[in-house]
There are 2 protein chains.
Amino acid sequence: MKIGELAKRSGCSIQTIRYYEREGLLSSPTRSGGNFRLYDHHAEERLMFIKRCRSLDLSLSEVRYLLTLSQAPGSRCGKVNEMVDQHIQQVEERIDELQSLHRQLHDLRNNCSENRTVEDCGIIRSLAQKKGLN
Amino acid sequence: MKIGELAKRSGCSIQTIRYYEREGLLSSPTRSGGNFRLYDHHAEERLMFIKRCRSLDLSLSEVRYLLTLSQAPGSRCGKVNEMVDQHIQQVEERIDELQSLHRQLHDLRNNCSENRTVEDCGIIRSLAQKKGLN
DNA sequence: CGTACACTCTATAGTAACTATAGAGTCAAG
DNA sequence: CTTGACTCTATAGTTACTATAGAGTGTACG
């Protein structure tokens with residue numbers, strides 16, 4: 001199949017597929033007489049692997065690593081577990097950060113409930129003050 | 001004061017300060033005979049305003065907008081409230097996304113607890129499967 | 001006076017993971 | 001033989017910085 005069909009089937013954009021190829025995540029496919037990329041089922045599976053990893057927010061270099069590992073028969077998967085554990089921790093940290101941010105934004109929002117002039121707006125005032133919130 | 005001192009006092013890097021100037025968030029300061037930037041207290045306050053906004057994850061264009069508004073005397077602050085409300089909603093959505101991601105990563109991690117070979121690793125298998133988790 | 005050193009200047013490139021565009025070529029149907 | 005849908009490469013843009021090169025400034029010390 002040509003790149004357009006692969007894009008439709010996978011839900012990735014054509015540019016993204018070409019980008020993954022440039023980045024070495026997908027190998028260069030065979031080409032038609034007119035220099036069009038031709039993909040097989042195997043390429044589609046690999047692309048879907050990448051897509052699932054991306055939907056879990058793994059970085060492309062993490063994905064590259066997983067692809068390499070999964071194609072080295074007999075290698076141990078301890079590193080895979082480590083990577084996932086580390087990733088889980090990062091997500092937890094980010095959630096904590098965002099929750100703190102959420103509280104701060106709420107506090108900020110409580111400083112102005114009406115449509116005042118900016119001179120009187122508690123939000124602008126808080127942002128302008130040396131020791132606003134916290 | 002020169003840019004180095006402003007950087008130290010504000011906690012922003014020198015490059016960041018120059019970047020904010022290029023982006024029009026800070027106005028061009030006066031220059032010394034040797035072409036060094038010279039800042040006053042006013043510039044420092046403006047920089048701190050930007051910094052506080054950034055710590056709340058407001059984008060630079062949102063900050064630019066707030067700065068413009070806060071310097072237009074008599075203008076109404078309804079837009080400020082709107083912006084903050086919208087921002088709060090975005091943060092809430094991102095938290096939800098991350099929590100769902102967190103559950104998925106935990107499920108994934110449960111597929112492999114040992115140091116197996118990658119052929120047997122449940123994590124790799126899940127990622128390779130058409131309908132792995134969800 | 002010279003020089004070493006800390007500081008500053010501009011311009012440019014790199015980061016992550018794409019997205020968008022221009023300008024050209026391919027291919028099938030009418 | 002031309003129209004239209006598709007594809008190709010190469011390049012620039014996105015966000016908010018960060019890092020670098022190569023040059024100039026300013027001051028303290030010998």
Side-chain angles (χ1 to χ4, degrees), chain A residues 1-26 28-40 43 46-67 83 86-87 90-91 94 97 101, chain B residues 1-26 28-40 43 46-67 83 87 90-91 94 97-98 101:
Chain A
M1 72 186 116
K2 283 184 287 179
I3 198 168
E5 196 187 337
L6 180 61
K8 213 165 279 173
R9 291 169 65 109
S10 66
C12 297
S13 77
I14 289 176
Q15 296 100 303
T16 298
I17 294 172
R18 289 198 280 241
Y19 173 69
Y20 287 166
E21 182 183 332
R22 272 203 305 285
E23 293 295 304
L25 293 155
L26 294 174
S28 304
T30 55
R31 300 284 184 130
S32 72
N35 200 32
F36 289 2
R37 290 172 178 81
L38 296 176
Y39 296 97
D40 57 14
R46 194 171 164 112
L47 180 54
M48 292 310 296
F49 182 95
I50 298 171
K51 211 190 170 205
R52 275 185 290 272
C53 291
R54 291 293 301 138
S55 79
L56 296 170
D57 243 17
L58 295 169
S59 70
L60 289 188
S61 74
E62 288 173 319
V63 179
R64 212 187 325 263
Y65 183 66
L66 286 180
L67 283 167
M83 179 186 295
Q86 194 191 337
H87 199 66
Q90 280 167 20
V91 170
R94 187 64 186 144
E97 277 172 29
L101 185 58
Chain B
M1 73 186 114
K2 282 184 287 181
I3 198 168
E5 196 187 337
L6 180 60
K8 214 166 280 173
R9 289 169 65 110
S10 67
C12 297
S13 77
I14 289 175
Q15 296 100 305
T16 297
I17 295 172
R18 289 198 282 240
Y19 173 69
Y20 287 164
E21 182 183 333
R22 272 202 305 285
E23 293 295 304
L25 294 156
L26 294 174
S28 304
T30 55
R31 298 285 184 128
S32 71
N35 201 32
F36 289 1
R37 290 172 177 82
L38 296 177
Y39 296 96
D40 56 14
R46 194 171 164 110
L47 180 54
M48 290 312 295
F49 182 95
I50 298 170
K51 212 193 169 202
R52 275 185 291 272
C53 291
R54 290 293 300 136
S55 79
L56 295 171
D57 243 17
L58 295 169
S59 71
L60 289 189
S61 73
E62 288 173 318
V63 179
R64 212 186 327 261
Y65 183 67
L66 286 180
L67 283 167
M83 179 187 295
H87 199 66
Q90 280 167 19
V91 170
R94 186 64 186 144
E97 277 172 29
L98 284 179
L101 186 58

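Throughout, protein chains are lettered first and strands after them, A, B, ... in sequence-line order, and every chain is numbered starting at 1.
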Trainee: For the backbone of L67(A) and the side chain of R46(A), can you confirm whether one donor and one acceptor N or O come within less than 3.5 Å of each other?
Mentor: no
Trainee: For R37(B) and dC9(C), is the shortest distance between a side-chain N/O and OP1 or OP2 below 4.0 Å?
Mentor: yes
Trainee: In whole angstrom, give the distance that lies between atom CD of E62(B) and atom C1' of dA16(D).
Mentor: 13 Å
Trainee: Tell me which nucleotide among dG26(D), dT8(C), dT7(D) gets nearest to the side chain of K2(A).
Mentor: dT7(D)
Trainee: Examine dA16(D): is either OP1 or OP2 under 4.0 Å from a nitrogen or oxygen in the side chain of R64(B)? Give yes or no.
Mentor: no
Trainee: Is there a donor-acceptor pair under 3.5 Å between the side chain of K2(A) and the backbone N or O of F36(A)?
Mentor: no
Trainee: Rounded off to whole Å, could you give me the CZ-to-P distance for the R54(B) and dT18(D) pair?
Mentor: 10 Å
Trainee: Whole Å only: how far is the OH atom of Y20(B) from the P atom of dT18(D)?
Mentor: 8 Å
Trainee: Could you give the CG-to-C1' distance, from N35(B) to dA23(D), as a whole number of Å?
Mentor: 12 Å
Trainee: Are the side chains of Y20(B) and R54(B) in contact, using a 4.5 Å heavy-atom criterion?
Mentor: yes
Trainee: Closer to the 5' end of DNA chain D via nearest nucleotide, is it L60(B) or R18(A)?
Mentor: R18(A)
Trainee: Is there a side-chain contact between R18(B) and L26(B) in this structure, where contact means two heavy atoms from C-beta onward sitting under 4.5 Å apart?
Mentor: no
Trainee: Between S32(A) and dT7(D), does any side-chain N or O lie under 4.0 Å from OP1 or OP2?
Mentor: no
Trainee: Give a yes/no on whether any side-chain N or O of T16(B) is located under 4.0 angstrom from OP1 or OP2 of dT18(D).
Mentor: yes
Trainee: Whole angstroms only, please: what is the CG-P distance between L6(A) and dT7(D)?
Mentor: 10 Å
Trainee: What is the distance, to the nearest angstrom, from the OH atom on Y19(A) to the C1' atom on dA20(C)?
Mentor: 15 Å
Trainee: Report yes if some heavy atom in the side chain of C53(A) is under 4.5 Å from a heavy atom in the side chain of E62(A); otherwise report no.
Mentor: no
Trainee: In whole angstroms, how far is the P atom of dT10(C) from the CZ atom of R22(B)?
Mentor: 9 Å
Trainee: If you check the F36(A) side chain, which of dC6(D), dG26(D), dT8(C) turns out closest?
Mentor: dC6(D)
Trainee: Tell me: CD of Q15(A) to C1' of dC8(D), nearest whole Å?
Mentor: 12 Å
